[in-house]
Protein chains: 2
Amino acid sequence: MVNYREQALDRVFAALADPTRRALVAQLEQKQSLTVSELARPFPVSLPAIMKHLDVLSDAGLITRSKSGRTVNCRLTAATMKSAMDWLHRYERFWSEGLARLSALLEEDESCPPTQVLLQPPSQASPSSAASTPRRPRSKPRGPTRK
Amino acid sequence: MVNYREQALDRVFAALADPTRRALVAQLEQKQSLTVSELARPFPVSLPAIMKHLDVLSDAGLITRSKSGRTVNCRLTAATMKSAMDWLHRYERFWSEGLARLSALLEEDESCPPTQVLLQPPSQASPSSAASTPRRPRSKPRGPTRK
DNA sequence: TCGATAGTTAACCATTAGGTTAAGTGTAGC
DNA sequence: GCTACACTTAACCTAATGGTTAACTATCGA
């Protein structure tokens, strides 16, 4: 059971990690039901690519599809999105506390050095060495190392 | 700017799509700061694998790292997690409305067939044909089709 | 009945992800 | 100074991902 829930979270977060899929979900937010062709129309990629994305969203429990004649209608379903939300809620105090601590710090004596707050700007998107010390030089190329 | 936010969401959802990384985040929920070795200890994979996961979490703005002597301390940061939460909030009405409609349906005359509600059990995790009609037989193998 | 529409899926490709081992670097303690 | 500890990173591997084209099937309307 726990494993199943974990796998469901895997799929929901993975499904939402792609900008095309989030854009598909956003369309379905605007309109209750859309056909596959209507969903595909704004995107520059091929129809089978969109169909693959819809497969991923369906596997994640984020949409349902129903066929009517030759068209397939897609609708949002939200149960698994709610479970992702619940998971994120566990960390709400980390930004709430950060904001609260910021407020408290502003009221303290200015001679008192501020403690580090949790809310921090995100690191730059790059292969990172996010340790506060300067990045050390890369080690020398090694050539084939596999035995 | 908008693109930057989209890319940030890409990274946050992708970072949380892996069970190992969610487990790393959960450890940091329990304890304010942990070293890389402490974080790695519960996992059956190699230390460089954990280091790669920490890189992904850092790139997503979910942790910060600071070096003290030979140890690196990791802490949760929550700003980008909050942005994922905000994105999911857009869909809150889809499970709220679903629940409300379920309540309304329960109060209706039982002879009235229920309309389809939005909250539905997630589909089984498998290559899916989630259309309500039975899955059609696979088409015949085609052999190489590339020109 | 036939052509158009809507969707489906096999086969393929390039890239990325998640793991490994091996070798390396910086720091701490004796 | 030397060894151990903590971490870092190159090079490699397999599997998965996100896209394509081509060929196919089901349905609709003339």
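By convention in this document, chain letters (A, B, ...) are assigned in the order of the sequence lines, proteins followed by strands, and residues within each chain are numbered from 1.
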> Nearest of D/dA6, D/dT9, D/dT8 to any side-chain atom of B/V72?
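Minimum distance to the B/V72 side chain belongs to D/dT8.
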> Would you mind reporting whether A/P42 and A/Q27 have side-chain heavy atoms less than 4.5 Å apart?
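In short, these two side chains touch, coming nearer than 4.5 Å.
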> Measuring only between side-chain heavy atoms, which start at C-beta, is A/S68 closer than 4.5 Å to A/N73?
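Result yes, sub-4.5 Å side-chain heavy-atom pair found.
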> Please report, rounded to the nearest Å, how far the P atom of D/dG18 is from the CG atom of A/L57.
11 Å
> Scan residues 54-73 of chain B for pairs that pass ring-ring contact (aromatic ring centres under 6.0 Å, His included), counting only residues two or more places apart or in two chains.
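The answer is none; no pair qualifies.
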> Salt bridge or not for B/R65 and B/D55, using N-O below 4.0 Å?
yes
> Got a salt bridge between A/D18 and A/R22, using NZ or NE/NH1/NH2 to carboxylate O under 4.0 Å?
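Salt bridge between A/D18 and A/R22, a charged N being under 4.0 Å from a carboxylate O: no.
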> Taking for each residue the nucleotide of DNA chain D bearing the nearest heavy atom, is the 5' side occupied by A/P44 or by A/P144?
A/P144
> Provide a list of protein-nucleic acid N or O atom pairs under 3.5 angstrom, restricted to nucleotides 28-30 of chain D.
{"unit_1": "D/dC28", "atom_1": "O4'", "unit_2": "A/R70", "atom_2": "NH1", "d": "2.9"}

> What's the closest nucleotide to the B/V45 side chain, out of D/dA11, C/dA11, C/dG19?
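Among the listed nucleotides, the one closest to the side chain of B/V45 is C/dG19.
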> Starting at the 5' end of DNA chain C and moving along, which residue's nearest nucleotide shows up first, A/L47 or B/V56?
A/L47
> Same cluster for B/V36 and B/V25 if Ile/Leu/Val/Met/Phe/Trp/Tyr side chains link at under 4.5 Å?
yes
> Between C/dA10, D/dT20, D/dT8, which one does the side chain of A/K52 approach most closely?
D/dT20
> Of the nucleotides D/dA11, C/dT8, C/dA6, which has the atom closest to the A/M51 side chain?
C/dT8
> Of B/R41 and B/P48, whose nearest nucleotide on DNA chain D comes first from the 5' end?
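Upstream on the strand: B/R41.
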> Which of these nucleotides, D/dG18, C/dT8, C/dG24, is closest to any side-chain atom of A/H53?
D/dG18
> Got A/L16 and B/L88 here, is their nearest side-chain heavy-atom distance under 4.5 Å?
yes
> Tell me if the side-chain of A/R142 makes a donor-acceptor pair with the base of C/dA23, cut-off 3.5 Å, by modelled atom types.
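Yes, a donor-acceptor pair under 3.5 Å.
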> Measure centre to centre between the rings of B/W95 and B/Y91, then say whether the value is under 6.0 Å.
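No: the rings miss the under 6.0 Å criterion.
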> Do A/F94 and B/T77 have side-chain heavy atoms sitting under 4.5 Å apart?
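A/F94 vs B/T77: side chains apart.
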> Between the protein and nucleotides 13-17 of chain D, list every N/O to N/O distance that falls short of 3.5 Å.
none

> Is the shortest side-chain N/O distance from A/S46 to OP1 or OP2 of D/dT20 below 4.0 Å?
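Yes, within the criterion.
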